[in-house]
Amino acid sequence: MASSMSGMFLGQQQSGPHASGGSGGPGQPGMLSGPAGSRGATNNTLVDDLEAAFEACFASLVSQDYVNGTDQEEIRTGVDQCIQKFLDVARQTECFFLQKRLQLSVQKPEQVEKEDISELRNELQRKELLIQKHLAKIHNWQQVLEDINVQHKRPTELPQGPLAFLEQASANIPAPMKPN
């Protein structure tokens, strides 16, 4: 597996039966090299290219040339080119990892199944916690509704009549104290 990843870290095509000249396919590092001549002389890796493109995006946004520049179209074009370069390298990186994932699924299908089972268990735990959280909220709201129902039942137990409200209100007033 380490030898199959060397294409990413060396940025060069491997010689031998797996070299494909850029046609690509599972296990063929030729797909990792970019357009002809883009990496051949400098030994850049895909990760180096991604990092450089990312830094170029930031540099283009904070560059004094762009800050002092008056031609908005030129600024927009430069930023768009940097972002497009970053996206292209990101796609190449994603393609590399998808190829490695495909290789792994072909060579060790039980490993993929273990990862899937682990992901499913984690998702079940997350959902169980979410269910517990919702049950606690439901219990809380049920308690609030129950309290409201109890409060609404109390006025019906009071005597009905024209002076019932005054009797209830006067019952809550404390009696005056006698002076000594």
Side-chain angles (χ1 to χ4, degrees), residues 1-67 74-146:
M1 182 80 169
S3 65
S4 65
M5 292 183 75
S6 64
M8 178 180 163
F9 298 109
L10 295 177
Q12 300 173 342
Q13 295 180 5
Q14 293 178 345
S15 60
H18 290 295
S20 63
S23 66
Q28 296 177 344
M31 190 164 177
L32 293 177
S33 50
S38 67
R39 281 189 268 251
T42 60
N43 282 343
N44 283 346
T45 66
L46 207 49
V47 174
D48 291 339
D49 288 348
L50 185 66
E51 184 179 3
F54 185 71
E55 289 172 357
C57 286
F58 274 110
S60 68
L61 294 173
V62 296
S63 172
Q64 286 298 324
D65 295 338
Y66 290 138
V67 172
E74 181 181 332
I75 294 169
R76 184 174 293 122
T77 303
V79 171
D80 286 345
Q81 287 175 349
C82 289
I83 291 173
Q84 190 59 44
K85 169 78 172 152
F86 175 74
L87 292 174
D88 289 343
V89 177
R91 284 187 199 104
Q92 290 174 2
T93 306
E94 180 183 22
C95 183
F96 171 80
F97 284 108
L98 288 173
Q99 285 179 344
K100 295 307 168 187
R101 179 77 176 168
L102 180 63
Q103 269 185 332
L104 182 64
S105 69
V106 170
Q107 293 172 355
K108 296 183 178 184
E110 68 279 355
Q111 181 66 30
V112 174
E113 290 174 4
K114 286 179 184 177
E115 289 175 7
D116 290 344
I117 290 169
S118 175
E119 288 175 10
L120 288 171
R121 283 185 180 146
N122 289 339
E123 187 172 344
L124 278 174
Q125 287 176 346
R126 183 184 61 81
K127 288 183 178 181
E128 282 292 329
L129 289 173
L130 190 60
I131 289 170
Q132 294 301 319
K133 179 181 169 185
H134 285 296
L135 286 175
K137 286 182 179 181
I138 288 172
H139 178 69
N140 184 29
W141 282 109
Q142 285 175 336
Q143 189 66 40
V144 168
L145 289 173
E146 190 176 305

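Of the inter-residue distances, the one linking Lys100 atom NZ with Cys95 atom SG reads 10.5 Å to the nearest 0.5 angstrom. If you take SG on Cys57 and CG on Leu87, they are separated by 7.5 Å, rounding to the nearest 0.5 Å. Interatomic distance, Phe96 CZ to Leu50 CG, rounded to the nearest 0.5 Å: 13.0 Å. Expressed to the nearest 0.5 Å, how far CZ of Arg76 lies from OG of Ser60 amounts to 13.0 Å. Taking CG of Leu102 as the start and CZ of Phe97 as the end, the distance is 15.0 Å to the nearest 0.5 Å.
With sequence neighbours excluded, the residues that form a side-chain contact (heavy atoms from CB on, under 4.5 Å) with Leu98 are Glu94. Residues passing the side-chain hydrogen bond (donor to acceptor under 3.5 Å, both in side chains) test with Asp88 are Gln84, Arg91, sequence neighbours excluded.
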Kindly list each side-chain donor-acceptor pair under 3.5 angstrom involving residues 115-132, sequence neighbours excluded, with atom names and distances?
unit_1, atom_1, unit_2, atom_2, d
Glu115, OE1, Arg101, NH1, 2.3
Glu115, OE1, Arg101, NH2, 3.3
Asn122, ND2, Ser118, O, 3.4
Glu123, OE2, Lys127, NZ, 3.0

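Pairs engaging residues 129-146 under the salt bridge (charged side-chain N to carboxylate O under 4.0 Å, His left out) rule: none recorded [sequence neighbours left out].
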